[in-house]
Colleague: 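Handing you a structure now.
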Amino acid sequence: MSTAIRILQGNFGRVALLDMDKPLITHAHHHCHILFKFGGADAFFTVRDRLQPLTDKTVVLINAWESHAYTHHLNDAPPTVILALYIECGWLAGIHRRLTVSSHPQFFPRACVELSPRTRRLAESLAWEMLDAGGIPQERLEQQLFDLVIAVVDPYSEWRNAQRLTRPAWASPRDPRIRRAIELLGTRVGDGVDMDELAESSGLSRSHFFALFRRCTHVTPGVYANVLRMEAAIDGLTRNGDSIAALSSRLGFSAQGHFTRFFRQHLGITPSDYRGKVDVFRHERDSLII
């Protein structure tokens, strides 16, 4: 079973060291998502309808709100230890104004690129620190994260080409019907939303609604709703002491087992494993602004 080794969470987003031996369903994140292999077997992520290899020599790059899935290629393959960065685009933009474009759906033109020796060393240094039982000072962690992200995005992203990257449509969908649908999804995270009802409330047929939603957000309504549910679950696991059963009920799951299965399908680990392995860095001040 896939397990978490350690998770760090803060205003920068999340950094997770995961021991993975099971696939994940198609999902998305609102983060700038960067994946390194730290140990074990080579693996694959399905991004843009192609298998993208995660090896000692490659890094997988996934844009904000880009659908993807983890594929543990062979059932009997050894586990893969993955260093997964889920970086808040707003945190990057707060450090360097040009990194506002990190939220653009074409920020990473390629989903899999060659890993430079320097970037490999930076990723390994962060992973080894995460394996250390001691704490990592917040300022040091944020500096390590920023250095690692920049080592990746500088040669392999469009962050210096702001004129080509206009403001992403998903951030503020121009179609008011999709904006209303997104607002409704946000207010009913724990209630569940019938997609036919959502389409009807938007004044669209189901097929037209799905096509327009995907054109505006780059994901299906179902994937978008699951992103909101997962983020609400993670927030609940780290911000209060509610039992997992209570959190499961609040998020609209009929049984705790259904919540656990949903969480594991999206992140690979159980809610209790997440809560037990996460270290939360509370935002105290602005730092690293350049």
Colleague: Students often mix this up, so state it plainly: with edges at 30° and 60°, are the rings of His29 and His68 parallel, tilted or perpendicular?
Modeller: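 Ring orientation of His29 relative to His68: tilted.
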Colleague: So which atom in Thr55 and which in Arg120 form the shortest heavy-atom distance, rounded to 0.1 Å?
Modeller: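 Looking at all heavy atoms of both residues, the shortest contact is O-NH1, 4.3 Å.
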Colleague: If you round to the nearest 0.5 Å, how far is SG of Cys216 from CG of Asp175?
Modeller: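 Reported value, rounded in 0.5 Å steps: 5.5 Å.
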Colleague: Do Ser272 and Ile244 come close enough that some side-chain heavy atom pair is under 4.5 Å?
Modeller: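 Yes, their side chains come closer than 4.5 Å.
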Colleague: Under the side chain to side chain contact (heavy atoms under 4.5 Å, CB included) criterion, do Ile87 and His31 qualify, and how do the steps go?
Modeller: CA-CA 5 Å; Ile87 302 299; His31 307 91; 5.5 Å; no
Colleague: Does Asp21 use its side chain to pair, donor to acceptor, with the backbone of Ser2 at less than 3.5 Å?
Modeller: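 Flag set: sc Asp21 to bb Ser2 pair under 3.5 Å.
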Colleague: Phe259 vs Phe253 aromatic rings, parallel, tilted or perpendicular, using cut-offs 30° and 60°?
Modeller: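 Geometry flag for Phe253 against Phe259: tilted rings.
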Colleague: Quick one: are Leu247 and Pro271 in side-chain contact, heavy atoms under 4.5 Å?
Modeller: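 Side chain of Leu247 against side chain of Pro271, heavy atoms only: no contact under 4.5 Å found.
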Colleague: Distance-only, no hydrogens or angles: does the Arg48 side chain make a donor-acceptor pair with backbone N or O of Glu66 under 3.5 Å?
Modeller: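 Answer holds: no.
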Colleague: Could you check whether any side-chain N or O of Thr238 sits under 3.5 Å from a backbone N or O of Ile234, counting only pairs where one atom can act as donor and the other as acceptor?
Modeller: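 Yes, the answer is positive, given that a donor and an acceptor are paired below the 3.5 Å cut-off.
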Colleague: Quick check: Phe262 with His266 (ring centres under 6.0 Å apart)?
Modeller: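 Yes, ring centres under 6.0 Å apart.
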Colleague: For a quick test of reading the model, state the closest non-hydrogen atom pair linking Ile82 to Leu35 and the distance between them.
Modeller: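 Smallest interatomic distance, heavy atoms only, reads CG2-CD2, 3.9 Å.
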Colleague: For the CZ atom on Arg140, are there more than 12 heavy atoms of other groups (residues, nucleotides or ligands in this structure) within a distance under 6.0 Å?
Modeller: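 No, because the 6.0 Å sphere around CZ of Arg140 holds 12 heavy atoms or fewer from other groups.
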Colleague: Donor-acceptor pair, Thr80 side chain versus Ala41 backbone, under 3.5 Å?
Modeller: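 Yes; judged by distance alone, with no hydrogens or angles, the pair exists.
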Colleague: I want to check something: taking the side chain as every heavy atom from C-beta on, are His30 and Glu88 in contact at a cut-off of under 4.5 Å?
Modeller: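 Yes, at least one pair of side-chain atoms sits under 4.5 Å.
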Colleague: So if you build clusters from Ile, Leu, Val, Met, Phe, Trp, Tyr with side-chain heavy-atom gaps below 4.5 Å, do Val280 and Met230 land together?
Modeller: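 Val280 clusters together with Met230.
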Colleague: Taking the side chain as everything from C-beta on, heavy atoms only, tell me whether Ile34 gets closer than 4.5 Å to Phe108.
Modeller: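 The answer is yes, as the side chains (C-beta and beyond) meet within the 4.5 Å cut-off.
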Colleague: Can you tell me if Glu200 has over 12 outside heavy atoms packed within less than 6.0 Å of its CD?
Modeller: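 At most 12 heavy atoms, drawn from other residues, nucleotides or ligands, come within 6.0 Å of this atom.
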Colleague: Please report, to 0.1 Å, the donor-acceptor pairs under 3.5 Å made by any side chain of residues 147-156, with sequence neighbours excluded.
Modeller:
| from | atom 1 | to | atom 2 | distance (Å) |
| --- | --- | --- | --- | --- |
| Asp147 | OD1 | Gln143 | NE2 | 3.0 |
| Asp154 | OD1 | Trp159 | NE1 | 3.0 |
| Asp154 | OD1 | Arg160 | NE | 3.0 |
| Asp154 | OD1 | Arg160 | NH2 | 3.1 |
| Tyr156 | OH | Glu114 | O | 3.2 |

Colleague: Going through the checks in order, is the side chain to side chain contact (heavy atoms under 4.5 Å, CB included) test met by Ile5 and Met130?
Modeller: CA-CA 8 Å; Ile5 299 171; Met130 293 176 70; over 6 Å; no
Colleague: Hey, what's the ring geometry for Trp91 with Phe12, parallel, tilted or perpendicular (30° and 60° as the breaks)?
Modeller: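 Correct class here is perpendicular.
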Colleague: Answer yes or no: is there a donor N or O on one side and an acceptor on the other, between the side chain of Ser249 and the main chain of Ala246, under 3.5 Å?
Modeller: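 Not confirmed, Ser249 side chain does not pair with Ala246 backbone.
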Colleague: Compare all side-chain heavy atoms of Leu185 with those of Leu198 and state whether any distance is below 4.5 angstrom.
Modeller: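 Answer yes - side chains close enough.
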Colleague: Tell me the closest heavy-atom pair linking Pro53 and Thr58, and the distance in Å.
Modeller: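 Where Pro53 meets Thr58 most closely, the heavy atoms are O-OG1, 2.8 Å.
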Colleague: Taking the side chain as every heavy atom from C-beta outward, state whether Gln138 and Asn11 have any atom pair closer than 4.5 Å.
Modeller: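 Gln138 reaches Asn11 side chain to side chain.
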Colleague: Taking C-beta and beyond as the side chain, do Lys37 and Asp56 meet within less than 4.5 Å on heavy atoms?
Modeller: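 Answer yes - side chains close enough.
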Colleague: Is there a side-chain contact between Phe213 and Ile182, using heavy atoms and a 4.5 Å cut-off?
Modeller: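 Yes; the side chains approach each other to less than 4.5 Å.
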